[in-house]
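Each remark here refers to the structure printed beneath this line.
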Amino acid sequence: MKRIFIPARALILLFVCALLLSPAAQAQILRVDPHVSIPDNEVFTIDIRVECAGQAVMGVETSIAFDPYLVRLDSIVPGPWFTASGEDFFFWDYTVPGTSNIHFASSLLDAESDQDECVAICYFSVLTYGQSPLIFQDVDLRNGVNDPLPFDHSTGDLIILDDAVAVESTGLGRLKALYRR
């Protein structure tokens, strides 16, 4: 059996490289907050958060699928990552009303940020009961020179709609209420 000898300097170099690369190995992620949303009101919000892990980010574009038979996306607005930054920014909602995708593109103008914060607030209305997954279909984050950044996204995000929440489509319930009077 042949032994492999690794000089002490090489081990130290490997150790130092591992330490230097460990911050880069931290998760840069775009995620839904809360991960599992259980609304207790007919109208509710969900945040899309960026966790930069030290990366300087200038722009975010993403597309997230949801079940349009259970919830309706009413609007998307820029979150504090933009509005509290003190910087000029661009935020464009590409979402087509009545479809099953959240789609927005946004960017700080002439600035970057490495702060973890909410980039978008999504306003929803409950239509009926059930579970709607939120599935990231595209994630594109860019730095100040428009290079793509290595970002991941959350998985398994859900909106759980309980029948205790009042919903808009209560035609039968309204009919029953007439007979109770």
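Quick note: numbers below take in every heavy atom, side chains included, and nothing from hydrogens, waters or symmetry partners.
For the residue pair H103 and E61, a side-chain donor N or O sits within less than 3.5 Å of a side-chain acceptor on the partner. D138 and T62 share no side-chain donor-acceptor pair at under 3.5 Å.
By the criterion of side-chain heavy atoms lying less than 4.5 angstrom apart, applied directly or through intervening Ile, Leu, Val, Met, Phe, Trp or Tyr residues, V119 is grouped together with F91 in one hydrophobic cluster. By the rule that hydrophobic residues join a cluster once side-chain heavy atoms approach within less than 4.5 Å of another member, I76 and I135 end up as members of separate clusters.
In this structure the side chain of S125 never reaches within 4.5 angstrom of the side chain of V71, judged on heavy atoms. The side-chain heavy atoms of M58 and N143, taken from C-beta on, include no pair separated by under 4.5 Å. A 4.5 Å side-chain heavy-atom check between D33 and C118 finds every atom pair outside the cut-off. Taking 4.5 Å as the limit, every side-chain heavy atom of D116 sits out of range of all side-chain heavy atoms of W81. C122 places a side-chain heavy atom less than 4.5 Å from the side chain of L73. Taking 4.5 Å as the limit, some side-chain heavy atom of R31 sits within range of a side-chain heavy atom of E51. Counting heavy atoms from C-beta outward, I46 and I159 have side chains that approach closer than 4.5 Å. Side-chain atoms of D114 and V57, non-hydrogen and from C-beta on, never get closer than 4.5 Å to each other.
One distance of note links CG of L30 with CG of L149; it measures 12.0 Å at 0.5 Å rounding. Rounded to the nearest 0.5 Å, atoms OG (S100) and CD (Q137) are 7.0 Å apart. In this structure, NE2 on H35 lies 7.0 Å from OG1 on T155, to the nearest 0.5 angstrom. Separating the CD1 atom in I48 from the CD1 atom in I121 is a distance of 10.5 Å, to the nearest 0.5 Å. Rounded to the nearest 0.5 angstrom, I29 CD1 and R49 CZ are separated by 11.5 Å. Note that CD1 of I38 and CD1 of I160 are 4.5 Å apart. Values are rounded to the nearest 0.5 Å.
Of all non-hydrogen atoms in S85 and L108, the two that sit nearest each other are OG-CD2, 3.8 Å. Nearest heavy-atom pair across C52 and F151 is CA-CZ, 4.0 Å. Between D157 and F136, the closest heavy-atom pair is OD2-CE1, 3.9 Å.
With S113 contributing its side chain and Q115 its backbone, the two residues share a donor-acceptor pair below 3.5 Å. Judged by distance alone, with hydrogens and angles left aside, the side-chain atoms of S132 form a donor-acceptor pair with the main-chain N or O of D67 at under 3.5 Å. Under a 3.5 Å cut-off, the side chain of T99 and the backbone N or O of V96 do form a donor-acceptor pair.
Classified by interplanar angle (parallel below 30°, tilted 30° to 60°, perpendicular above 60°), the ring pair F124/F66 is perpendicular.
Atom CZ of F90 sits in a crowded spot, with more than 12 heavy atoms from other residues, nucleotides or ligands closer than 6.0 Å. Counting non-hydrogen atoms of other residues, nucleotides and ligands closer than 6.0 Å to CG of D110 gives a total of 12 or fewer.
Among residue pairs with one or both ends in residues 87-98, those qualifying as side chain to side chain donor-acceptor pair (under 3.5 Å) are D93-T95; sequence neighbours excluded.
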Between N101 and I64, is the side-chain contact (heavy atoms from CB on, under 4.5 Å) condition met? List the steps. CA-CA 5 Å; N101 279 335; I64 306 168; over 6 Å; no

Can you list the steps and then say if Y69 with L127 is a side-chain contact (heavy atoms from CB on, under 4.5 Å)? CA-CA 7 Å; Y69 298 106; L127 299 177; over 6 Å; no

Please determine whether ring-ring contact (aromatic ring centres under 6.0 Å, His included) holds for the pair F44 and Y123, giving the CA-CA distance in whole Å, both sets of side-chain angles, and the decisive distance to 0.1 Å. CA-CA 6 Å; F44 64 99; Y123 291 86; 9.8 Å; no

